[in-house]
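In what follows, a single structure is set out as structure tokens and then discussed.
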There are 2 protein chains.
Amino acid sequence: MTNIHDIARLSGYSVSTVSRVLNHHNYVSAETRQAIEQVVKKLDYAPNAVARDLSRGKTFNVGVVLPHADHPYFTQLVQGIMRAAFAANYHVVLLPSKWDAQLEQKYLETLRQHAYDALIFTSHGLPLATLAKYQRYGRIVICENPHDSGLPATYAERVATYRTAFAHLKKLGHTHIGVLNSRDLAASATTQATVAAYEDVFQAPLPAKYCYTGVNTLTDGQTAGGYFVARFPEVTAVMTNGDDIALGFRRAYLAAQRPLPYLIGQEHQPSGEALKLPTIDHHFDLVGVRAFQLAIGETATNVAIPSEFLLN
Amino acid sequence: MTNIHDIARLSGYSVSTVSRVLNHHNYVSAETRQAIEQVVKKLDYAPNAVARDLSRGKTFNVGVVLPHADHPYFTQLVQGIMRAAFAANYHVVLLPSKWDAQLEQKYLETLRQHAYDALIFTSHGLPLATLAKYQRYGRIVICENPHDSGLPATYAERVATYRTAFAHLKKLGHTHIGVLNSRDLAASATTQATVAAYEDVFQAPLPAKYCYTGVNTLTDGQTAGGYFVARFPEVTAVMTNGDDIALGFRRAYLAAQRPLPYLIGQEHQPSGEALKLPTIDHHFDLVGVRAFQLAIGETATNVAIPSEFLLN
DNA sequence: GTGAAAGCGCTAACAC
DNA sequence: GTGTTAGCGCTTTCAC
């Protein structure tokens with residue numbers, strides 16, 4: 001493995017001059033530069049990126065903690081993050097978590113070990129307070145309302161849009177409405193937002209039995225559909241947490257040959273268009289872009305990105 | 001910034017002993033271990049990951065070069081790669097390329113600079129010969145048939161399945177068939193596979209005007225639909241390169257109020273199910289898993305993963 | 001069991 | 001313009 005000293009020795013110059021040539025720094029005479037570049041080429045030399053990072057005390061890496069790689073929420077978010085990271089010459093490292101607290105803790109530790117300049121949590125199992133503690137080791141950005149955690153955050157402003165969606169259902173005359181969510185009320189800000197919007201519009205609590213959680217994939221949607229079709233014929237509309245999930249939900253009703261409830265999707269996916277489902281676009285790619293900007297400290301203010309209710 | 005020397009000094013032991021404790025190496029007496037761990041805790045010390053990488057000459061990072069982050073081909077592939085990488089304690093760094101040769105070259109250089117232990121090209125603009133040259137700097141895996149490039153490779157075995165799909169169209173009596181692809185015949189092995197399968201089944205060349213390329217997104221699909229609907233009423237079936245794309249294609253015909261051709265999708269996406277489209281599942285997640293295994297040298301043999309024609 | 005010291009390969013402050 | 005040198009923080013061989 002040839003290194004900068006070899007180049008210095010063979011070119012007859014010092015390592016610092018070689019370094020200058022390599023980094024296009026300062027003043028180096030044209031001849032010196034040429035001489036050095038020639039040796040570099042001859043030895044097929046390339047500077048070591050890790051050594052460089054170490055010396056500079058910076059990695060230009062941001063870690064992105066994400067529960068699943070296949071959910072549209074994360075896909076869109078990652079896309080936005082990548083776009084912004086690319087523009088700023090940063091690299092994106094994907095850190096799968098499945099909302100596992102131990103894993104998340106491990107990732108926090110790697111931040112502490114300076115493996116990344118910053119960490120973006122697209123979602124999290126750990127309490128915000130725990131994340132907040134690790135801020136001293138590097139920037140930590142979350143993709144939800146930070147409340148009083150003091151963490152830099154961007155997120156889709158969902159409640160208003162959920163309200164619009166429920167108002168739409170109310171106007172259509174639906175009174176028994178199912179709600180699907182990814183995680184428990186206690187664990188998830190999104191679930192809380194959905195329920196809050198429901199209660200706001202209907203001025204009544206959402207019956208617990210109509211609030212179904214643990215839904216992440218199309219298949220989960222189908223399972224949820226099975227739950228509702230077998231139990232609640234009175235439910236005539238369902239607020240799902242994804243167009244694909246709505247598709248899965250629908251499967252169960254088709255299989256049972258029961259009339260399909262009115263479904264609202266989310267994420268504005270192709271499947272939603274195919275089924276002509278009303279949907280909600282949370283503009284997660286924009287959230288991703290802002291999250292990255294927060295991560296490298298380009299922006300200081302937290303931003304809520306408004307989401308949008310769409311009739312397909 | 002506290003470092004291993006601080007711990008050594010304050011604990012009264014040497015750096016090597018501290019290092020041993022940190023890495024659970026060799027023999028360290030229980031008391032020594034305790035004493036050191038106490039200091040570590042007291043100083044809130046964490047070893048620096050970059051320094052460690054440098055010292056070890058290994059990063060446990062694999063770079064994944066991908067043209068787009070939003071195409072299902074790449075999403076699925078990345079998911080497989082991540083699953084396998086996670087299991088092996090490696091990290092996945094996403095490198096967006098847009099098939100830009102200069103960018104790809106830059107990524108090859110970063111491999112040379114030891115920023116990654118290996119590079120996986122999910123697709124590429126550069127010639128395989130160029131990629132092959134960089135093998136001396138680290139492992140390079142491609143996700144297509146390597147032919148005589150000598151590169152480690154996994155890929156979906158597509159031709160047989162494309163043949164099945166075209167045979168299906170032939171049996172249904174279609175004689176004028178459109179074909180959508182992502183990239184030009186010259187640039188893309190996939191496009192070549194599609195065309196080869198067509199010609200195999202129909203024993204005639206695919207008319208160039210029916211071979212439409214540059215299609216990557218749902219919107220591109222719609223544009224393609226516009227192209228066909230305006231020009232080729234005789235085309236009664238189209239082999240698209242994605243279920244979502246088929247959905248876009250369909251839009252153009254709906255807008256023009258013309259009868260829809262028989263569409264075949266790909267990627268086995270929810271939108272395809274919603275439209276009851278026949279589709280092809282290439283099992284890209286499996287391809288991803290194998291690609292990663294090749295990247296870290298767990299497996300030496302190239303593998304073609306069979307794909308599957310599905311009637312939804 | 002523990003320690004000294006030589007790397008790993010580069011950057012950058014400072015001197016000339 | 002160019003060189004010297006002290007880091008950056010850790011691992012690992014070798015000696016005791």
Side-chain angles (χ1 to χ4, degrees), chain A residues 1-40 43-61 109-117 137-138, chain B residues 1-40 43-61 109-117 137-138:
Chain A
M1 179 78 333
T2 130
N3 66 23
I4 199 172
H5 289 102
D6 298 332
I7 307 297
R9 193 161 21 78
L10 266 85
S11 66
Y13 289 91
S14 72
V15 284
S16 48
T17 302
V18 175
S19 177
R20 285 191 194 99
V21 170
L22 258 27
N23 296 289
H24 313 286
H25 266 179
N26 300 340
Y27 310 91
V28 181
S29 76
E31 348 166 28
T32 306
R33 144 156 286 116
Q34 281 223 320
I36 291 179
E37 277 172 347
Q38 202 159 340
V39 178
V40 165
L43 295 203
D44 190 30
Y45 165 74
N48 182 300
V50 180
R52 195 176 254 178
D53 283 349
L54 174 61
S55 193
R56 285 203 276 239
K58 204 167 172 358
T59 64
F60 287 93
N61 280 152
E109 286 297 325
T110 64
L111 177 67
R112 190 158 155 243
Q113 294 170 157
H114 298 280
Y116 312 109
D117 293 348
Y137 306 116
Chain B
M1 181 76 336
T2 131
N3 66 23
I4 199 172
H5 289 103
D6 299 331
I7 306 299
R9 195 161 18 81
L10 266 85
S11 66
Y13 290 91
S14 72
V15 284
S16 45
T17 303
V18 174
S19 178
R20 285 190 195 100
V21 170
L22 258 26
N23 297 290
H24 312 285
H25 265 182
N26 301 340
Y27 309 91
V28 181
S29 76
E31 348 168 28
T32 306
R33 145 156 288 117
Q34 282 223 322
I36 291 179
E37 277 172 348
Q38 203 159 341
V39 178
V40 165
L43 294 202
D44 190 30
Y45 165 75
N48 181 299
V50 181
R52 194 175 256 180
D53 283 349
L54 174 60
S55 194
R56 286 204 275 238
K58 203 165 172 359
T59 64
F60 286 93
N61 278 152
E109 286 298 324
T110 64
L111 176 67
R112 188 156 157 244
Q113 294 170 149
H114 298 280
Y116 311 109
D117 293 349
Y137 305 116

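A note on names: the letters A, B, ... follow the listed sequences, proteins ahead of strands, and every chain is numbered from 1. Excluded from the calculations below are hydrogen atoms, water molecules and symmetry mates; all remaining heavy atoms, backbone and side chain alike, are included. Quantities reported herein were computed from a predicted structural model and do not represent experimental measurements.
Counting any heavy atom pair closer than 4.0 Å across all strands shown, A/S29 reaches sugar-phosphate atoms only and no base atom. Using a 4.0 Å heavy-atom cutoff across all strands shown, B/S19 reaches at least one base atom of the nucleic acid. Contacts of B/V50 with the nucleic acid, taken as non-hydrogen atoms under 4.0 Å apart, are absent.
At C/dG1, none of the side-chain N or O atoms of B/R20 fall inside 4.0 Å of OP1 or OP2 (strictly under the cut-off). A close approach under 4.0 Å does occur between a side-chain nitrogen or oxygen of B/T17 and OP1 or OP2 of C/dG3. Distances shown here put a side-chain N or O of A/N23 below 4.0 Å from the OP1 or OP2 atom of C/dT11. Of the side-chain N and O atoms in A/Y45, one or more sit less than 4.0 angstrom from OP1 or OP2 of C/dC10. Residue B/R52 places at least one side-chain N or O under 4.0 Å from the OP1 or OP2 atom of D/dT11.
The nearest whole Å value for the distance from the CZ atom in B/F60 to the C1' atom in D/dT11 is 14 Å. Here C/dC10 presents its C1' atom at 13 Å from CG of A/D6, a figure rounded to the nearest Å. We find that CD of A/Q113 is positioned 12 Å from C1' of D/dC10, with the value rounded to whole Å. A/L54 places its CG atom 12 Å from the P atom of C/dA12, with the value rounded to the nearest Å. When rounded to the nearest whole Å, the span between NE2 of A/H25 and P of C/dC10 equals 15 Å. Whole-Å rounding puts the A/R112 CZ to D/dC10 C1' distance at 16 Å. Distance, B/H5 NE2 to C/dG3 P: 13 Å, rounded to whole Å. When the P atom of D/dG7 is taken as reference, atom CG of B/N48 falls 17 Å away, rounded to whole Å.
Along DNA chain C, the nucleotide nearest to A/T2 and the one nearest to B/V28 differ in position, and the one closer to the 5' end is contacted by B/V28. Of the residues near DNA chain C, A/N3 and B/Y27, the one whose nearest nucleotide (by heavy atom distance) lies more toward the 5' end is B/Y27. Mapping B/L22 and A/A30 onto DNA chain D via the closest heavy atom, the residue that lands nearer the 5' end is A/A30.
Heavy-atom contacts from other residues, nucleotides or ligands closer than 6.0 Å to CD of A/E109 number more than 12. Remark: A/Q34 CD is loosely packed, at most 12 non-hydrogen atoms of other residues, nucleotides or ligands lying under 6.0 Å away.
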| said: Checking A/T2 against A/D44 for the side chain to side chain contact (heavy atoms under 4.5 Å, CB included) test, could you report, in this order, the C-alpha distance in whole Å, the side-chain angles of both residues, the deciding distance, and whether it holds? | reply: CA-CA 8 Å; A/T2 130; A/D44 190 30; over 6 Å; no

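With D/dC10, C/dA4, C/dA12 as the choices, the nucleotide that has an atom nearest any side-chain atom of B/I4 turns out to be D/dC10.
Using a distance-only test at 3.5 Å, with no hydrogens or angles considered, no donor-acceptor pair links the side chain of A/R9 to the main chain of A/V15. A donor-acceptor pair under 3.5 Å links the side-chain atoms of B/R112 to the main chain of A/Y45, judged by distance alone. Remark: the backbone N or O of A/Y116 is not paired with any side-chain donor or acceptor of A/N61 at under 3.5 angstrom.
Side-chain to base pairing of A/S55 with C/dG9: no donor and acceptor N or O lie closer than 3.5 Å to each other. Between the side chain of B/S16 and the base of D/dT11, no donor-acceptor pair under 3.5 Å is found. On a pure distance criterion of 3.5 Å, no polar donor-acceptor pair joins the side chain of A/T32 and the base of D/dG1.
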